[in-house]
Amino acid sequence: MIPHSRPMVLASMERAAARVIASGQHAGGAERAAFEEELASFCGVSHAVAVQSGSAALHLALLVLGVPRGSSVIAPSYACGALLHAIDAVGGSALLADIDPVRLTVTRGTARDACARATIREEQVSAVIVPHMLGIPAPLEGWDFPSPVIEDAAMGIGTEIGGRPAGSIGTVGIVSFYATKMLSTGQGGALLTSDAALADAARDRIRSDGREQWRPSWNYPLSDLAAAIGRPQLAALPEWLERRRAIAGRYRAAAEIAECAGAELPEGANHYRFLLRFPDRAARDAAEVTFRSRGITAKPPVFRPLHRYLGLPDHEFPVTTEVWETGLSVPIYPSLSEAEVDRVAEAIEEWVVV
């Protein structure tokens, strides 16, 4: 089977891991600091705080922004459950928004609609979480919502918005280094910001030694071992992005029609996922079976829309529901061989033109 995701493995990662193991300094040393500096530079911010997961980074972002208990945090319904977990962890209330049919994320308009539906003023919202969903650039240029923006680049590292790197536009940004992401430390993530005060607050929140006075904190720092294997991947990421773009071009050529959501993406996409869109759920499910029969793992990229977890009706989230029911993601990652790319492209050609 061609898996849906496959992490890259480099000889330099093995050497880096061996170097850290032999050093005896597995946590809190120079590797994490170097990784944070390199990551901040890549993402166009002044500070990166590396932590144990993207979920931890999102929780940390809400903490340093001071989201009050009981306050509303806007998030798109077409997203992973980690958003709900993080909001719940700070005692906030998720105010779900529908998505744009191309960008697949919350927009200024859908955020406004979410407030109207909940009959609250925009000024009452404590934060807005805006993911670069599937690596598609979120519409953050000219964003004028009054609340702080958490730019969720868990799928978006390497994406650009108006020439600016993902993670550098919001009040804070977050990235993920989970096994399926653009680069992988197994588990891992980071908070990104150019605000020195927010960066210091984030570092203080993950300090667990009680050095000055006791306060609630979380033992979130990324280990030196994980940081060491992340550094060579970050250096290789520009090359991997080129490979993803080349594969996406092959898939678009196979599809030959614009109904494929991957065919007419905004400039700057990193091609974290390549989403096929079918006329209805029955066609999507049939395509998934056919892909599997050809040894290709294809799946909906979101397990379940968040509004369904909260028991909210589909008609309040029509675009989210339609994209979830008709979208199917196919393998797209740098380690695919040319033969594997051809197999996927042939299956796309058969099924998109239906």
Side-chain angles (χ1 to χ4, degrees), residues 1-45 47-60 80 82 135 153-159 165-167 173-192 199 202-203 205-209 217-244 270-272 297 331-337 340:
M1 291 291 291
I2 301 174
H4 192 238
S5 299
R6 181 193 291 150
M8 295 290 286
V9 178
L10 305 173
S12 53
M13 293 164 58
E14 298 179 20
R15 292 192 296 270
R19 182 182 69 247
V20 173
I21 291 169
S23 75
Q25 184 72 54
H26 298 174
E31 291 290 342
R32 178 163 63 91
F35 184 46
E36 289 177 334
E37 183 177 345
E38 292 158 3
L39 181 64
S41 177
F42 184 90
C43 294
V45 295
H47 306 277
V49 181
V51 292
Q52 294 177 4
S53 68
S55 297
L58 186 54
H59 179 213
L60 189 60
C80 75
M155 301 182 187
I157 188 169
T159 294
I174 67 108
V175 289
S176 172
F177 311 128
Y178 182 62
T180 61
K181 295 300 191 289
M182 300 293 284
L183 63 92
S184 169
T185 60
Q187 294 276 6
L191 179 143
L192 309 170
R203 294 187 181 103
R205 284 288 190 164
I206 63 174
R207 183 180 295 142
S208 59
D209 56 11
S217 62
W218 287 263
N219 190 20
Y220 279 167
L222 190 69
S223 72
D224 270 34
L225 190 58
I229 66 172
R231 293 179 65 195
Q233 293 179 75
L234 185 62
L237 191 53
E239 178 184 344
W240 294 353
L241 290 166
E242 286 296 326
R243 174 63 176 158
R244 285 177 177 272
N270 70 4
H271 300 291
Y272 172 70
T297 305
I332 181 168
Y333 41 83
S335 62
L336 284 171
S337 69
E340 289 173 327

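Please read these numbers as outputs of a predicted model, since none were measured by experiment.
By the 4.5 Å heavy-atom criterion applied to side chains, Leu241 and Asn270 are counted as neighbours. Here the side chains of Ser41 and Leu39 are not in contact, with every heavy-atom distance at 4.5 Å or above. Considering only heavy atoms from C-beta on, Leu234 comes within 4.5 Å of Leu183 through its side chain.
No donor-acceptor pair closer than 3.5 Å links the side chain of Arg32 to the backbone N or O of Ala227. With hydrogens and angles ignored, the 3.5 Å screen pairs a side-chain donor or acceptor of Thr159 with a backbone N or O of Gly135. In this structure, the side chain of Asp224 engages the main chain of Gly29 through a donor-acceptor pair within 3.5 Å. A distance-only check finds a donor-acceptor pair linking the side chain of Thr297 to the backbone of Ile2 [under 3.5 Å]. Arg243 places a side-chain N or O within 3.5 Å of a backbone atom of Leu336 that can act as its donor or acceptor partner.
Contact record, Ala153 with Gly167: CB-N, 4.3 Å, taken as the closest heavy-atom pair. Of all heavy-atom pairs spanning Ala202 and Leu191, the tightest one is CB-CD2, 4.3 Å. Residues Ala228 and Val20 approach most closely at CB-CG2, 3.5 Å, considering heavy atoms. Taking both residues in full, the closest heavy atoms of Ala166 and Gly156 are given as CB-O, 3.3 Å, listed atom of the first, atom of the second, then distance.
Evaluation of the side chain to side chain donor-acceptor pair (under 3.5 Å) rule for Arg244 yields no partner, not counting sequence neighbours. Contacts of Ala17 classified as side chain to side chain contact (heavy atoms under 4.5 Å, CB included), with partners at least two apart in sequence or in another chain: Leu225, Ile229. Judged as a side chain to side chain donor-acceptor pair (under 3.5 Å), and not counting sequence neighbours, Arg203 has no contacts. Take His47 and apply the side chain to side chain donor-acceptor pair (under 3.5 Å) test, not counting sequence neighbours, and it matches no residue.
Listed by first then second residue, pairs satisfying ring pair (Phe, Tyr, Trp, His ring centres under 6.0 Å) with a partner in residues 8-38 read Phe35-Phe177, not counting sequence neighbours. A side-chain hydrogen bond (donor to acceptor under 3.5 Å, both in side chains) check over residues 228-240, counting only residues at least two apart or in different chains, returns the pairs Glu31-Arg231, Glu38-Arg231.
For CD of Glu37, the number of neighbouring non-hydrogen atoms (other residues, nucleotides, ligands) closer than 6.0 Å is 12 at most. More than 12 heavy atoms of other residues, nucleotides or ligands sit less than 6.0 Å from atom CZ of Phe42.
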